[in-house]
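Owing to the predicted nature of the structure, the values given are computational and were not obtained by experimental measurement. Every chain is numbered from 1 and lettered A, B, ... according to where its sequence line falls, protein lines coming before strand lines.
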Protein chains: 2
Amino acid sequence: MPKVSDAHRRARRDQIADAALRTFAAKGFQSTSMADIIATSGLSAGAIYGHFSSKQEIMYAVAARILGNRTAAVDELADAAELPTPGEMLSAMLRGLDHDLSDTQLLLQVWGASASDPEMHAVMLDVVGRLVDTYRAYLVRWSIRSKDMDEASAAAFADRLVPTMLGLAQGYIVQRALFPDFDGEQYLAVAGELLPR
Amino acid sequence: MPKVSDAHRRARRDQIADAALRTFAAKGFQSTSMADIIATSGLSAGAIYGHFSSKQEIMYAVAARILGNRTAAVDELADAAELPTPGEMLSAMLRGLDHDLSDTQLLLQVWGASASDPEMHAVMLDVVGRLVDTYRAYLVRWSIRSKDMDEASAAAFADRLVPTMLGLAQGYIVQRALFPDFDGEQYLAVAGELLPR
DNA sequence: GTCTATAGCCGGATAGAC
DNA sequence: GTCTATCCGGCTATAGAC
């Protein structure tokens with residue numbers, strides 16, 4: 001049980017996670033040392049271990065936040081009265097990544113870590129699972145409204161399309177993070193033309 | 001200059017790279033220790049450092065090989081007399097990944113490492129650059145032959161489509177590596193329907 | 001070229017004062 | 001809750017014999 005206010009605890013955890021996020025993005029999960037996080041956060045070892053029990057826990061917290069950022073973007077539009085087209089949905093989900101590369105780079109780190117760390121894998125599946133659910137529900141509603149599908153064919157349509165749309169998003173992320181000359185606008189334009197509308 | 005035959009040197013390097021590849025895929029680049037590679041390869045520390053000057057060099061060699069495996073698949077079909085459709089090309093490029101997850105998992109590791117290690121980034125860009133060139137040349141020829149485009153519009157068409165097609169491939173890789181229930185056949189079927197044909 | 005053994009370093013986590 | 005100081009383990013890379 002907290003000895004200071006919950007708000008303070010929350011703020012400290014965020015301060016630590018923020019510092020960790022910056023160093024993780026710059027140096028990678030594994031090459032970031034606790035000393036790096038300590039220096040960047042302006043706190044001390046003792047302070048940090050009072051809020052996180054290990055470096056791994058910090059990694060998982062950062063990963064969940066980064067993944068959550070993407071779902072937040074989708075959640076907003078999925079409930080809008082004016083349903084966007086699949087192409088617009090894709091753009092909305094990804095546009096937030098362009099201003100700051102940190103999230104994009106970290107997503108690659110999270111994927112890489114998930115391939116060999118079961119706990120990271122579980123964290124990732126949990127957050128992405130919610131994103132997929134939202135996406136799927138949106139596609140069902142969109143195809144019913146805009147394509148006059150009945151419930152059953154809309155569900156089948158969404159089940160088929162979700163992985164491929166998600167794949168387009170993942171490809172965008174890889175290229176945004178790694179290709180110096182990546183043209184995100186063009187990528188999204190082409191994707192929008194390929195996707196149903 | 002080698003004191004034994006080039007073939008022997010090559011074989012030893014491959015033996016080391018094979019062992020490293022297996023441990024890298026299982027534990028990740030950074031969590032794999034030289035002791036792991038030593039144990040898996042059946043060689044000794046001295047033997048390994050006689051062929052690679054550092055663990056990083058082993059990583060780069062493995063990365064280049066893994067990426068090269070994908071380009072090899074594309075190279076084969078790009079020169080065929082019977083040009084495949086874009087959807088078939090995508091399938092051909094990715095189908096080799098399904099039997100053994102090692103390559104798929106390692107691709108995620110390579111992407112993650114490329115985000116923070118400039119040398120890995122350079123290795124990756126070099127190999128992927130060749131793949132992109134091949135892909136682009138194929139798309140130019142396909143659109144000329146099957147779509148009756150002139151040279152200029154074929155080039156523009158290919159420039160626009162290559163990143164998105166590559167993105168579909170990258171999405172496939174992420175999901176194959178990380179999603180337990182991933183249905184690769186369906187993914188490729190949907191992608192094939194979206195792509196021009 | 002390959003082995004064994006080890007040097008030398010660095011990183012995560014803790015102890016104990018405040 | 002937070003600080004400083006430090007312990008301990010594990011890691012990469014090398015030394016030196018064969």
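Rounded to whole Å, the distance from CZ on B/Arg9 to P on C/dT2 is 8 Å. As a whole-Å value, the separation of B/Phe29 CZ from D/dC11 C1' is 18 Å. With rounding to whole Å, B/Ile38 atom CD1 is found 13 Å from C/dT2 atom P. One atom, CZ of A/Phe52, and another, P of C/dT14, lie 16 Å apart when rounded to the nearest Å. The nearest whole Å value for the distance from the CD1 atom in A/Ile37 to the P atom in C/dG12 is 8 Å. Counting to the nearest Å, the P atom of C/dG1 and the CD1 atom of B/Ile48 are 16 Å from each other. Regarding A/Asp36, its CG atom lies at a distance of 8 Å from the P atom of C/dG11, rounded to whole Å. Between A/Gln15 atom CD and D/dG1 atom P the separation is 14 Å, expressed in whole Å.
By the 6.0 Å contact criterion, CZ on A/Arg145 is enclosed, its count of non-hydrogen atoms from other residues, nucleotides or ligands being greater than 12.
Donor-acceptor pairing under 3.5 Å is recorded for the side chains of A/Tyr172 and A/Asp98. Counted by atom type alone, A/Tyr138 and A/Asp75 present zero donor-acceptor pairs between their side chains at under 3.5 Å. Between A/Gln170 and B/Gln175, the side chains place a donor N or O and an acceptor N or O closer than 3.5 Å (distance only, hydrogens not considered).
Using a 4.0 Å cut-off between a side-chain N of Lys or Arg and a carboxylate O of Asp or Glu, B/Lys27 and A/Asp117 do not qualify as a salt bridge.
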Fill in the blank from the handout: Given protein heavy atoms under 4.0 Å, the one-letter contact record of nucleotides 13-18 of chain D, with B base, S sugar-phosphate only and - none, is simply BB----
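Heavy atoms of A/Thr32 sit under 4.0 angstrom from primed sugar atoms or phosphate atoms, though from no base atom.
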Practice task
Begin from the C-alpha positions of B/Glu193 and A/Arg160 and carry the test salt bridge (charged side-chain N to carboxylate O under 4.0 Å, His left out) through to its verdict.
Solution key: CA-CA 11 Å; B/Glu193 289 162 22; A/Arg160 271 173 61 83; 2.7 Å; yes
Handout entry: Residues B/Arg95, B/Glu88; criterion salt bridge (charged side-chain N to carboxylate O under 4.0 Å, His left out); working and verdict
Key = CA-CA 10 Å; B/Arg95 212 172 298 271; B/Glu88 289 164 352; over 6 Å; no
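Contact check, B/His51 against C/dT2: a side-chain N or O comes under 4.0 Å of OP1 or OP2.
Each of B/Leu43 and A/Ser33 lies near DNA chain C, and the nucleotide nearest B/Leu43 is the one positioned closer to the 5' end.
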